[in-house]
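Since the model is a prediction, treat every value here as computed from it, not as a measurement. Values below: every heavy atom of this structure, side chains too, minus hydrogens, waters and symmetry copies. One is the number of the first residue; the rest follow in order along the sequence.
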Amino acid sequence: SSNQEAELQQLEDSLRERLDSLRQESGFPGATLAVSLPDGSLVNLAVGFDGPHSDSPMPPGARMFSGSTGKTFVSAVTLQLVDEGRLALDDMVGDYLGDEAWFSRLPNGPDLTVRMLLSHTGGLPRYVFKEEFWAALNESPDRVWDPEELIAYILDEDPVHPAGNGWHYSDTDYLLIGLIIEKVTGSTYHDEQARRLLTPLHLDDTAPPPGRVIEGLVAGITGDEPQFHLNRTVMVDGEYIFDPRWEWTGGGLVTTVSDMARWGRNLYGGDVLSEEMRRELLTFVDTETGMPADTGYGLGVQGWDSELGIIYGHGGIFPGYQTQF
């Protein structure tokens, strides 16, 4: 009806105004925002420009790296496999990866469970903050990394805390989950992700990056004080500054906000997961103690208190881009 259309337009204008005020306060070049409403309609908008030195408006359908929001897909694939009886959340990680030559050198290795990896309660250090990794990445930007090469950066280290007794966010956890998914299914993680989630849900703008040249990717910037000796501009002559595929199951996707809005609608309210698995997804632990809590971190999902109740989602950062899902 015309009333509904007017309300939708009012909502879109209000969201655009709020987002643009954030842009002006923070100084980022541009942003996109999408909201999936209860009746299935989608608000999809953009503010600002499509790059740091551009005067072209940011398109609402701009593709960007979504960083760790990709963990929500990894968790969904894992929970589907649990539902199919092909693994269990409290299985020992060693049951799947114990034969790997490096496993005996993995911090807390013998005590880790699948659930601990998904909830970041296993005490594994973060490879992604290792200076040596970034030095190697900057030195060889075309290098394509195997997950085991990244895990190698934390082998023989002391764990951050005992397995299951604490909380420490670590992409290393999700690399191990990716390896378990591949071991259980006999196919690649990205094939499973596409077959189970991206293709049936028609998330057509969501995909792992094919390399340094990515169709439709807008140029991001790193911040006023970029970490890891990176340039402020992450795109040079249409190429990303390094091959981004190393992120893999730590995130590893290029997408649009409209695809992510539809993904959230399906993950939390659709039939991607059984009711039992959705309860597991949204069972939280405290992000300091790792103990059960009403909000905090679930299985690849964050939960926050708000005036309207608990908000579910996940943050994501990849050099040049920031996402809130």
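- Note that NE2 of His190 and CZ of Arg195 are 15.0 Å apart. Values are rounded to the nearest 0.5 Å.
- Val257 and Val254 end up in different hydrophobic clusters when Ile, Leu, Val, Met, Phe, Trp and Tyr side chains are linked at under 4.5 Å.
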Discussion item. As a quick check of understanding, evaluate side chain to side chain contact (heavy atoms under 4.5 Å, CB included) for Gln324 and Thr69, giving each step before the final call.
Written reply: CA-CA 8 Å; Gln324 189 58 59; Thr69 65; over 6 Å; no

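- Enclosure of atom CZ in Arg18 is not indicated, since only 12 or fewer non-hydrogen atoms of other residues, nucleotides or ligands lie within 6.0 angstrom.
- Counting heavy atoms from C-beta outward, Tyr96 and Phe103 have side chains that stay 4.5 Å or more apart.
- Comment: Arg86 engages Glu84 in a salt bridge, judged by a side-chain N to carboxylate O separation of less than 4.0 angstrom.
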Worksheet entry | Criterion side chain to side chain contact (heavy atoms under 4.5 Å, CB included) on Met92 and Leu112, from CA distance to verdict | CA-CA 6 Å; Met92 305 308 293; Leu112 294 173; 5.9 Å; no

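- Looking only at side-chain heavy atoms (C-beta outward), Pro107 and Ile154 come within less than 4.5 Å of each other.
- Residues Trp263 and Phe73 form a side-chain contact, since some pair of their non-hydrogen atoms from C-beta on lies under 4.5 Å apart.
- Residues in residues 95-107 take part in these salt bridge (charged side-chain N to carboxylate O under 4.0 Å, His left out) pairs, two or more places apart or across chains: Glu100-Lys183, Arg105-Asp156.
- For Ser75 (side chain) and Leu299 (main-chain N/O), a donor-acceptor pair under 3.5 Å exists by modelled atom type.
- In summary, Lys71 and Asp171 engage in a salt bridge, as defined by a charged side-chain N under 4.0 Å from a carboxylate O.
- Proximity of Ile317 to Ser68: side-chain heavy atoms (C-beta onward) are nowhere separated by under 4.5 Å.
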Worksheet item: Under the side chain to side chain contact (heavy atoms under 4.5 Å, CB included) criterion, do Tyr268 and Leu282 qualify, and how do the steps go?
Response: CA-CA 9 Å; Tyr268 305 124; Leu282 302 177; 4.2 Å; yes

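- Applying the salt bridge (charged side-chain N to carboxylate O under 4.0 Å, His left out) rule to pairs touching residues 293-315 yields nothing, sequence neighbours excluded.
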Worksheet entry | side chain to side chain donor-acceptor pair (under 3.5 Å) evaluation trace for Ser54 with Asp50 | CA-CA 6 Å; Ser54 171; Asp50 66 358; 2.5 Å; yes

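- Note on Arg126 versus Glu157: no salt bridge recorded, every NZ/NE/NH1/NH2 to OD/OE distance being 4.0 Å or above.
- Not a single donor-acceptor pair under 3.5 Å links the side chain of Thr233 to the backbone N or O of Met235.
- A donor-acceptor pair is defined here as one N or O able to donate and one able to accept, closer than 3.5 Å; such a pair exists between the side chain of Arg265 and the backbone of Leu37.
- A donor-acceptor pair under 3.5 Å is formed between the side chain of Tyr321 and the backbone N or O of Gly220.
- Judged by distance alone, the side chain of Glu149 and the main-chain N or O of Asp146 form a donor-acceptor pair under 3.5 Å.
- Between Gln10 and Glu5, the closest side-chain pair of non-hydrogen atoms is not below 4.5 Å.
- In terms of hydrophobic clustering, with Ile, Leu, Val, Met, Phe, Trp and Tyr side chains grouped at heavy-atom distances under 4.5 Å, Met277 and Leu87 are assigned to a common cluster.
- For the side chain to side chain contact (heavy atoms under 4.5 Å, CB included) test, residues two or more places apart in sequence or in another chain that qualify with Thr289 are Asp286, Met291.
- Screening Thr206, Thr255, Thr72 for a side chain to side chain contact (heavy atoms under 4.5 Å, CB included) involving Ser66 leaves a single residue, Thr255.
- Listed by first then second residue, pairs satisfying salt bridge (charged side-chain N to carboxylate O under 4.0 Å, His left out) with a partner in residues 204-222 read Asp142-Arg212, Arg212-Glu239, not counting sequence neighbours.
- Between the side chain of Tyr174 and the backbone N or O of Leu117 there is no donor-acceptor pair closer than 3.5 Å.
- Counting heavy atoms from C-beta on, the side chains of Leu150 and Leu175 come closer than 4.5 Å.
- Using modelled atom types, one side-chain atom of Asp91 and one backbone atom of Ala88 make a donor-acceptor pair closer than 3.5 Å.
- At a threshold of 4.5 Å between side-chain heavy atoms, the hydrophobic network of Ile, Leu, Val, Met, Phe, Trp and Tyr places Leu203 and Leu267 in one connected group.
- For Thr121, the side chain to side chain contact (heavy atoms under 4.5 Å, CB included) partners are Met116, Ser119, Trp167, Val285, not counting sequence neighbours.
- Linking Ile, Leu, Val, Met, Phe, Trp and Tyr whenever their side-chain heavy atoms come within less than 4.5 Å leaves Phe28 and Phe318 in two separate clusters.
- The distance from the CH2 atom of Trp145 to the CD1 atom of Ile151 is 12.5 Å, given to the nearest 0.5 Å.
- Under 4.0 Å is where a charged nitrogen must lie from a carboxylate oxygen, and between Arg279 and Glu276 no such pair does.
- Looking only at side-chain heavy atoms (C-beta outward), Phe65 and Thr323 stay at 4.5 Å or farther from each other.
- Criterion: ILVMFWY side-chain heavy atoms under 4.5 Å apart, direct or through other members. Under it, Val35 and Met260 are not part of a common hydrophobic cluster.
- For Glu139, the CD atom sits in a loose shell: 12 or fewer heavy atoms of surrounding residues, nucleotides or ligands are nearer than 6.0 Å.
- Side-chain atoms of Arg63 do not come within 3.5 Å of backbone N or O of Val218 as any donor-acceptor pair.
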Discussion item. Determine whether Glu280 and Leu89 satisfy the following criterion, side chain to side chain contact (heavy atoms under 4.5 Å, CB included), listing intermediate values before the conclusion.
Written reply: CA-CA 9 Å; Glu280 294 283 9; Leu89 288 170; 3.7 Å; yes

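- Panel note: side chain Ser26, backbone Leu22; a donor-acceptor pair is recorded below 3.5 Å.
- Aromatic ring orientation, Tyr297 versus Tyr169: perpendicular (interplanar angle above 60°, classes split at 30° and 60°).
- A side-chain donor from one of Gln24 and Asp20 sits under 3.5 Å from a side-chain acceptor of the other.
- Side chain of Asn44 to main chain of Ala34: no donor-acceptor pair is present (N/O by atom type, distance under 3.5 Å, no hydrogens or angles).
- Surrounding CG of Asp39 are more than 12 heavy atoms belonging to other residues, nucleotides or ligands, all under 6.0 Å away.
- Side chains of Tyr312 and Phe284 form a contact here, defined as non-hydrogen atoms less than 4.5 Å apart.
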Worksheet entry | Chi angles and distances behind the side chain to side chain donor-acceptor pair (under 3.5 Å) call for Asp83, Ser274 | CA-CA 8 Å; Asp83 238 350; Ser274 66; 2.7 Å; yes

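- Scanning for side chain to side chain contact (heavy atoms under 4.5 Å, CB included) contacts around Arg16 gives Glu12, Asp13, Leu45, Val47, with sequence neighbours left out.
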